[in-house]
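Let me begin by presenting the structure, written as structure tokens, before commenting on it.
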Amino acid sequence: MARTRQTTGVEFVGGPFDGHFQSLCLAADELLELVAIPVNGNLVRMLVESNGVGREPPTSIAVYEREKVGSPTRYRFLGATTPSEVQLATWRG
């Protein structure tokens, strides 16, 4: 029998993704506690346009932590760092 994939709605609070709502094809218990998201000059266009946006190198990395309680699931902004402080080569892209 085929397994039905659950989706979870996630809201971002604070930082460059403040107010952004994203549906993820993961169950809530599969979500990571911390996420680090590259940010660049294409950020606004990427969030509001559906067509492809050219890739630019990240200018910063936004770090969010998943809140343990509440609905919808929220990721709260913890801070940002520079790409040079993160080993981007170890990221899957």
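- Hydrophobic cluster membership is shared by V35 and L26, with clusters built from Ile, Leu, Val, Met, Phe, Trp and Tyr side chains linked at under 4.5 angstrom.
- For the atom pair CD1 (I37) and CD (Q22), the distance works out to 9.0 Å, reported to the nearest 0.5 Å.
- Judged by distance alone, with hydrogens and angles left aside, the side-chain atoms of T59 form a donor-acceptor pair with the main-chain N or O of V39 at under 3.5 Å.
- Shown here for F21 and G9, the closest heavy-atom pair between the two residues is CZ-CA, 3.4 Å.
- The structure places CD of E85 at 11.0 Å from OG of S60, a figure rounded to the nearest 0.5 Å.
- Residues P83 and I61 come closest through the heavy atom pair CA-CG1, 4.1 Å.
- Partners of R76 by side chain to side chain contact (heavy atoms under 4.5 Å, CB included), not counting sequence neighbours, listed by chain and number: V13, E67.
- In this structure the side chain of R66 never reaches within 4.5 angstrom of the side chain of L32, judged on heavy atoms.
- Applying the salt bridge (charged side-chain N to carboxylate O under 4.0 Å, His left out) definition to pairs two or more places apart or across chains, those involving residues 6-29 are E11-R74.
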Checking side chain to side chain contact (heavy atoms under 4.5 Å, CB included) for the pair Y64/L34: CA distance, chi angles, key distance, verdict?
CA-CA 6 Å; Y64 287 84; L34 288 175; over 6 Å; no
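- Rounding to the nearest 0.5 Å places CG of L31 at 6.0 Å from CG of L24.
- In terms of the ring pair (Phe, Tyr, Trp, His ring centres under 6.0 Å) criterion, residue partners of Y75 (sequence neighbours excluded) are, by chain and number, F12.
- Shown here for P16 and F77, the closest heavy-atom pair between the two residues is CD-CE1, 3.8 Å.
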